[in-house]
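Structure first, then comments.
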Number of protein chains: 2
Amino acid sequence: MRMGRPREFDADTALDQAMEVFWRHGYEGATIAQLTEAMGINPPSLYACFGNKEGLLKAALDRYTKLRGAWMDEVVAAPTARDVAERMLMGIADKQTDPANPPGCLLVQGGIACGTGSENVPFELAARRGQNEDQLRDRFIRAKAEGDLKPTADPAALARYVSAVSVGMGVMASSGADREALRQVASVAVQAVEAQSAGKA
Amino acid sequence: MRMGRPREFDADTALDQAMEVFWRHGYEGATIAQLTEAMGINPPSLYACFGNKEGLLKAALDRYTKLRGAWMDEVVAAPTARDVAERMLMGIADKQTDPANPPGCLLVQGGIACGTGSENVPFELAARRGQNEDQLRDRFIRAKAEGDLKPTADPAALARYVSAVSVGMGVMASSGADREALRQVASVAVQAVEAQSAGKA
DNA sequence: CCACATCTGTAGTGAACACTACATATCTGG
DNA sequence: CCAGATATGTAGTGTTCACTACAGATGTGG
């Protein structure tokens, strides 16, 4: 098997740079010129490695969700449903205002509405947000089984609610909301989960 | 004063069509060709009337917020803070899944992240979302003064929270969430406001 | 050391974009 | 009914976009 000339850049490092560009400008707002410059490569290398612009986005999303997967595992490891929600939302308040990254969340900033030819990008993002929601839902189902949540609680609705708040916070962060403002939102939001917890009125 | 040839189209009707295109495809995803076709006019008429693409967006946003202003007035007319939140979020669940409009909210779908040259579009949208938030905050300040909210309640944080949930619901709607799913989110979300209401534990 | 496979940089490609020049059409004021 | 002003439709403008042809560089297997 012939090997040929080896690649001169590291794919994951390049993806980190691409992620940042998509995060800041969205899928359609990011240009190949911006992406290649940030990645430190030329267009042919990009296309040889990732196929096309959408392939690059998917690779960047894969890396993003992989990096966040570890964090989500910590979140659902919290002892109660209320603590899961608090850990998730407070963590998001911090992450989405971390100056090391663009504000907000890539799964939202990536593209909520796109033009003709990129219609599936928003759904691609939605699918990945859905994975987080599923993980939350499973955790809340367990919480209900453990008697941590009220018997009348709806785990799927609770997970969808936490996910919705996360997205809303992301949009706010991207348009300038500071960390304290997001923490206040998280703090209020947790109270709805608390209201569904056992031992509460 | 000379009048010249009168305009052959109605600006508000045309704006309604433009609004729909921006709503569905976002600012950058919407092309002049799509806009002019939807509006039933040719590019020179568009530019003579609205200046440029961004001017058209602002005019469409003005119309959107004007149309929603009446509804927001009804929302804040609810008797209690809890009812304000419920009326707002339940109404949004319905509006954002109304088949007469594209799913979601124009103030979100319009563009959360934009490319070079359109950086101010996201802030333009954020400013208009902020107007709704201000209206809610004022209403919650009144609720606190009336003893409807607990003395420890933070009206600004509550308003920001309700606004964040609205945005999150909008994103969910745009990616396929149905009315029932959004109503469940709204139903859970209202409980956080309830927890800040007087007479609750 | 040679055939071949893969990567890299230069320099483009056609298509789609926002926007406009210009001739023509339709109004008002006098 | 004429002069000036504004709107309209046709047909472009230059620019930027995602993407690629091609030639040279750099590796591996025999």
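Naming: A, B, ... by sequence-line order, numbering from 1 per chain. Worth saying up front: this structure is predicted, and the values here are computed from it rather than measured.
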To the nearest Å, give me how far apart [atom1] ([X]) and [atom2] ([N]) are.
| X | N | atom1 | atom2 | result |
| --- | --- | --- | --- | --- |
| B:Ile41 | D:dG9 | CD1 | P | 9 Å |
| A:Met39 | C:dT8 | CE | P | 11 Å |
| B:Phe9 | D:dA7 | CZ | C1' | 9 Å |
| A:Met3 | D:dA25 | CE | P | 21 Å |
| A:Glu28 | D:dT16 | CD | P | 18 Å |
| A:Leu46 | C:dG9 | CG | P | 12 Å |
| B:Arg5 | C:dA23 | CZ | C1' | 12 Å |
| A:His25 | D:dC17 | NE2 | C1' | 15 Å |

**Request:** For the pair B:Lys53 (side chain) and B:Tyr47 (backbone), establish whether a donor and an acceptor sit closer than 3.5 Å, ignoring hydrogens and angles.
**Result:** no
**Request:** Determine yes or no for a side-chain-to-main-chain donor-acceptor pair under 3.5 angstrom, with B:Lys95 supplying the side chain and B:Met90 the backbone.
**Result:** no
**Request:** Identify whether the distance between the nearest side-chain nitrogen and carboxylate oxygen of B:Arg129 and B:Glu133 falls below 4.0 Å.
**Result:** no
**Asked** Does a side-chain N-to-carboxylate-O contact under 4.0 Å join A:Lys144 and A:Asp154?
**Response** no
Within the pair [X] and [N], is there a side-chain N or O less than 4.0 Å away from OP1 or OP2?
| X | N | value |
| --- | --- | --- |
| B:Ser45 | D:dT8 | yes |
| B:Tyr47 | C:dC19 | yes |
| B:Arg7 | D:dA7 | yes |

What pairs of donor and acceptor atoms, side-chain ones from residues 18-27 of chain B against any protein atom, are under 3.5 angstrom apart with sequence neighbours left out?
residue, atom, partner, partner atom, Å
B:Glu20, OE2, B:Arg24, NH2, 2.9
B:Trp23, NE1, B:Pro103, O, 3.4
B:Trp23, NE1, B:Gly104, O, 3.2
B:His25, ND1, A:Cys114, O, 3.4
B:Tyr27, OH, B:Glu54, N, 3.4

**Fill in**
When B:Ile32 and B:Glu8 are each assigned the nearest nucleotide of DNA chain C, the 5'-most assignment goes to B:Ile32
**Request:** Have a look at A:Pro44 and say if it touches a base, only the backbone sugar-phosphate, or nothing, with a 4.0 Å heavy-atom cut-off.
**Result:** base
**Request:** Quick one: label A:Pro6 by what it contacts on the DNA or RNA (base, sugar-phosphate, nothing), any heavy atom closer than 4.0 Å.
**Result:** sugar-phosphate
